[in-house]
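So you know, we letter chains A, B, ... as the sequences are listed, proteins then strands, and number each from 1. Heavy atoms only: backbone and side chains are in, while hydrogens, waters and symmetry mates are out.
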Amino acid sequence: MYLYNSATHKKEEFVPNHPDIVKMYTCGPTVYHFAHIGNLRSYLMEDVLEKYLRYLGYNVKRVMNITDVGHLTSDADEGEDKMLKGARREHKSVMEIAGYYTDAFFDDCKKLNIKRPDVVEPATNCIGEYIIIIEKLLATGYAYQAGGNVYFDTSKLEKYYIFNEHDEENLAVGVREGVEEDLNKHNKNDFVLWFTKSKFEDQALKWDSPWGVGYPGWHIECSGISMKHLGGDLDIHCGGIDNAFPHHTNEIAQSESYLGHKWCNFWFHVLHLNTEDGKMSKSKGEFLTVSLLESKGYDPILYRFFCLQSHYRKNLVFSYENLDNAAAAYGKLIEKIAALDPDAGDSVDQAALEALQARFRKAMDADLNTSLAITALYDVLKAKTNDATRLAALADFDRVLSLNLLDGAAKLREKAKQAEEAEERDPVVDGLIADRAAAKKAKNFAEADRIRDELKAMGVEIIDTPQGTKWKRV
RNA sequence: GGUGCUGUGGCCAAGUGGUAAGGCAAAGGUCUGCAAAACCUUGAUUCACCCGUUCAAAUCGGGUCAGCACCUCCA
């Protein structure tokens, strides 16, 4: 398959370091609050990537960190530690907050059919790993101590900027009002590996280290956790586009300086979901969570469908109009699948199935073109073949897309069956329908429409068919 | 200010040199007392704009404009 690699700005053929396994790392959430659906877009598209790699026959080991230690802090920052802020807001301890929102995160993932990574590691579990890395970086001259903190010295690198050609002179440091430049840094881009001094003297979580009691910098987390579980070479590193600089740039700097060789081959960055007003955030406008969508009557899977209709490297605008659009399309798709007969007794036409699979693979091989993969679903429905083959193809593609295609269709069939049974068991409704039929026969259409309205008020929708009037509860 | 990404019909979107897929919505039709559903039909002489390369450009080059992102915690 071909994947766009942010590090080279090109689509490249994906080849893993070891033929039998793909090592994949994902920057996980900071668990200080619920995830909004924009956060989840990244995890959703990464899930598609992981499942497609498995579909192609690779073994995948995927690792995700959980950021449960505040990392906003720097000497130059007036902002608040997010974990502490969350804890204060809810009158809980930092660890309670982390546990609660970690569970909430994976609940949301489950609703969106996002598979849990093979390894999920909280950042606070790996302090020892970070210390080992920092010690080596200090010993080899890539790091220095200043003002009580340990910094990475970016001037020691031949090439620091990976994802874009920044010019250090033009970097806007301290752009936000009230932010001061950290005078301990030797270079503008140097970053903290270990803090002992911070404005946040009440930092809840602190650990002993060779440099004093303190806590790790943000970037070291991902390097340490990745190396702990995946070793010194990585095939794919995933994350939201906003992390490319400085977070991922810094990860590369410290990891490769520590290892002494290239660390990760492919960088997979997902673009943001925006609202019509711009970037989605937790503080501005409506806080769009999976639960909120559910409370408005949307099945979370509709959001997955909505995301898959677009491409992961495109900005996507969320609006209820767009979600409704996706909901209508998904509903129709499931209805069409439900109309296929799973008990027709046909046997799968292997040649036809392979032709359909080739279209799906062609779409996905081209840098995960999921919107074309969705089109491939319509191709299946239109294909000149039997239902068994169609259903086999849909089930096959849904191993990657995870849109509940067959389950959704089965549920729909079941619902229709129940409605039919309920129809026979309700004498009141049957009586009214008979009355309406009589009124229609007498051409008393006003009365017929009145009865239909009465049924509607009871939550019963009727449909005239050539076989008579059917009804269902809505 | 610097850096990067994006710009295709009402909406989502495919298409990376050969003359604009697909889906949703809409309109018209069939059917119906009327609806609903289903089925059929219709849609960009044009791909943000300008200039250029070419027999040929949505696709390549240059410029302009607009949106978004990063440079500050953020997916």
Spacing of the [atom1] atoms in [M] and [N] (rounded, Å):
N	M	atom1	answer
B/C50	B/U59	P	12 Å
B/G9	B/A48	P	8 Å
B/G7	B/U16	C1'	16 Å

Measuring from atom NZ of A/Lys11 to atom CG of A/Asp365, what distance do you get when rounded to the nearest 0.5 angstrom? 11.5 Å
base_contact_polar (B/C70 base, A/Asp242 side chain, donor-acceptor, <3.5 Å): no
Suppose we call a contact any N or O donor and acceptor under 3.5 Å apart; does that hold for the side chain of A/Asp379 and the base of B/G22? no
Check the phosphate of [N] against [X], side-chain N and O only, distance under 4.0 Å to OP1 or OP2. Yes or no?
X	N	result
A/Asn315	B/C68	no
A/Lys11	B/U16	no
A/Asn369	B/G15	yes
A/Thr375	B/G23	no

Please work out if A/Lys382 contacts a base, only the sugar-phosphate, or nothing of the nucleic acid, heavy-atom cut-off 4.0 Å. sugar-phosphate
Could you tell me the separation between the NZ atom of A/Lys440 and the P atom of B/A36, rounded to a whole number of Å? 14 Å
